[in-house]
Amino acid sequence: MSASTQGNMELWRQYGDYVLMAMPYADEVLVEGRGCRVKDADGRELLDLAAGMFCCVLGHNHPEFVERISAQARHLVHTGTQFLSPAVMRASYKLAQVTPGRLQKSIFLSTGTEANEFAFRLAKAYTGRTGIVGLSHGYYGTSLATKSCSGLSSRHRSDSLPTVAETARIPIAPQCMKCFTDPAQSPCALPCLESLESWLGDWDNVAGVIVEPFLSAGGMLLPPPGYLKRLAEIVREHGALLIVDEAQTGFGRTGTWFAIEHHGVEPDILSLSKSLGNGFPAAAVITTPAIADRVVREGLWNLSSHQSEPMAAAAVEAVIDIVSREGLLERARSNGEYFMEGLRLLSEKNSSVRKIRGQGLIIGFALAPKNPEKAPLFTTAFMQACRRRGVHLTFSYGNSTIRIIPPLVITREEIDLALEVMQKALQEAEAGNASADDALPANPYVRRVYRQHPMGRILKRWWRSSPEEWVEKGGSLLSRIGRS
Ligand SMILES: Cc1ncc(COP(=O)(O)O)c(C=O)c1O
């Protein structure tokens, strides 16, 4: 990868007008990556505690990974849906060797959303039912169906959008939330699952229940011991299938190949993405021969342009080989414990760091400033202070839970550096008086997006008005302009 000859702001100035700002993009324009670090167009390095978008388990641009996808590209980039390639066949075999239980038959796709959509199709085709249920704090993708069972959409004003019929979210009651955020909590009778039982009992049309074994976007929630096992039993007692989404937790992240292994549960359908391709767009759905054979016998087809892509399969194969050979499961376990211990020490010095929980190298903690008045912007101020000091991390949507999900190749020196930066960033955030404006990136294109928001609200108000009011408002505005 060649570094840019232009700096961050120069690039924004020259090309920013052509970018559809569907995200408040960062000032840093990234040009290179290696291991746990990325470099921006100004030549500044960031320690990436988010593994890109929680994808790069092997680290950025692992040399063998790059070589293997390059070698595949030299042979064949695309086959078309009717053809398989040796890469796809080998990747299917290798996936079956590392996935739990009887999971054996895979299909390769491109994104997590697409994989979950296909998992829903499988569950519906197998059961002959049409309902799909997710968890109220789960996140399963951006399509209408995946959003409809993701709890997070309710915090994203997407509730006003249409939702797919026969989708639902099982609530995790607020009083049960402490079991998901505090691993020291003593075991309970899992009253949080009563609502699932009554949902499934009242509604006998549920085809599948989808869960993440560690709910990352929804607040770094770790299901308490026994929760997923009992959930699986309830799902099966009611004739539905259990879909486990391991977009973020797969391929060693939690110290085992898949996080569901910690719970002693065998999924009916496993949905894989993000970590599966180490940053290359790859997703897969793997299921049992009993499920796959029956739905195929009954006529299920899937035709997607980027199904069975050899490049994605080469990425998957490389991920499985490198995770095994480099002992990344063990590394995630021991470095995860080291990171958690460092965070525990940090919390002894800083009372704003609370409720540290994690499994391997997926770690979350709550941030609550000493002065509650600082709370609304505290997480953003902390994150920005970390970024200024060279550490990139993210937080869960809609709350103040920090997410640490680095590449599994992170070194102890890098963990020490991250902890040192967090300590300074906490002091800075506690001492500072960040305003909403300070929390924004410096780049004018992102600032413009934020500034446009109030205008959006004004326009929305206009749209909700009747045509008569609209004409009246327009007329009075014109007369005011005429007077000025
Ligand atoms: C658990 C989980 N499932 C599904 C998705 C959606 O994946 P994608 O963004 O690749 O469509 C995500 C994305 O964040 C995720 O975290």
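The first residue in the sequence is number 1, and the count goes up from there. Numbering of ligands and ligand atoms starts at 1, following listing order.
- For the pair T113 and ligand 1, the shortest N or O to N or O distance falls below 3.5 Å.
- Contact annotation: for T142 versus ligand 1, there are no heavy atoms closer than 4.0 Å.
- In terms of polar-atom proximity, defined here as any N/O pair under 3.5 Å, Q248 does make such a contact with ligand 1.
- When each atom of ligand 1 is checked for a heavy atom of K274 under 4.0 Å away, the hits are 12 (C), 13 (C), 14 (O), 15 (C), 16 (O).
- Neither the backbone nor the side chain of F54 comes within 4.0 Å of ligand 1, counting heavy atoms alone.
- Geometrically, ligand 1 and S273 share no nitrogen or oxygen pair separated by less than 3.5 Å.
- Just one of V209, T287, I291, V235 meets the side-chain contact (heavy atoms from CB on, under 4.5 Å) condition when paired with L241; it is I291.
- Judged purely by atom type and a 3.5 angstrom limit, E414 has no side-chain atom pairing as donor or acceptor with the backbone of I410.
- Residues T249 and E246 bring a donor and an acceptor atom of their side chains to less than 3.5 Å of each other.
- With respect to M422, the side-chain contact (heavy atoms from CB on, under 4.5 Å) criterion is satisfied by exactly one of I402, L393, L417: L393.
- Heavy-atom contacts of T111 reach the following atoms of ligand 1: 10 (O), 11 (O) (cutoff under 4.0 Å).
- A donor and an acceptor atom, one from each side chain of H62 and N278, are nowhere located under 3.5 Å apart.
- Considering only non-hydrogen atoms, atom 8 (P) of ligand 1 lies nearest to G112 out of S271, S110, G112.
- Aromatic pair Y227/F180: centroids less than 6.0 angstrom apart.
- Considering only heavy atoms from C-beta on, Y140 comes within 4.5 Å of L135 through its side chain.
- Each of the atoms 1 (C) of ligand 1 lies under 4.0 Å from some heavy atom of E212.
- Among V409, L58, V57, the one residue that satisfies the side-chain contact (heavy atoms from CB on, under 4.5 Å) test with I322 is L58.
- Heavy-atom proximity to A247, at under 4.0 Å, picks out these atoms of ligand 1: 1 (C), 2 (C), 3 (N), 15 (C).
- Annotation for ligand 1: atoms under 4.0 Å from non-hydrogen atoms of Y140 are 3 (N), 4 (C).
- When each atom of ligand 1 is checked for a heavy atom of N116 under 4.0 Å away, the hits are 3 (N), 4 (C).
- Sparse packing is recorded around CZ of R102, with 12 or fewer heavy atoms of other residues, nucleotides or ligands lying under 6.0 Å away.
- Remark: ligand 1 and G141 share no N or O pair separated by less than 3.5 Å (distance only, no angle test).
- Distances between N or O atoms of D245 and those of ligand 1 include at least one value under 3.5 Å.
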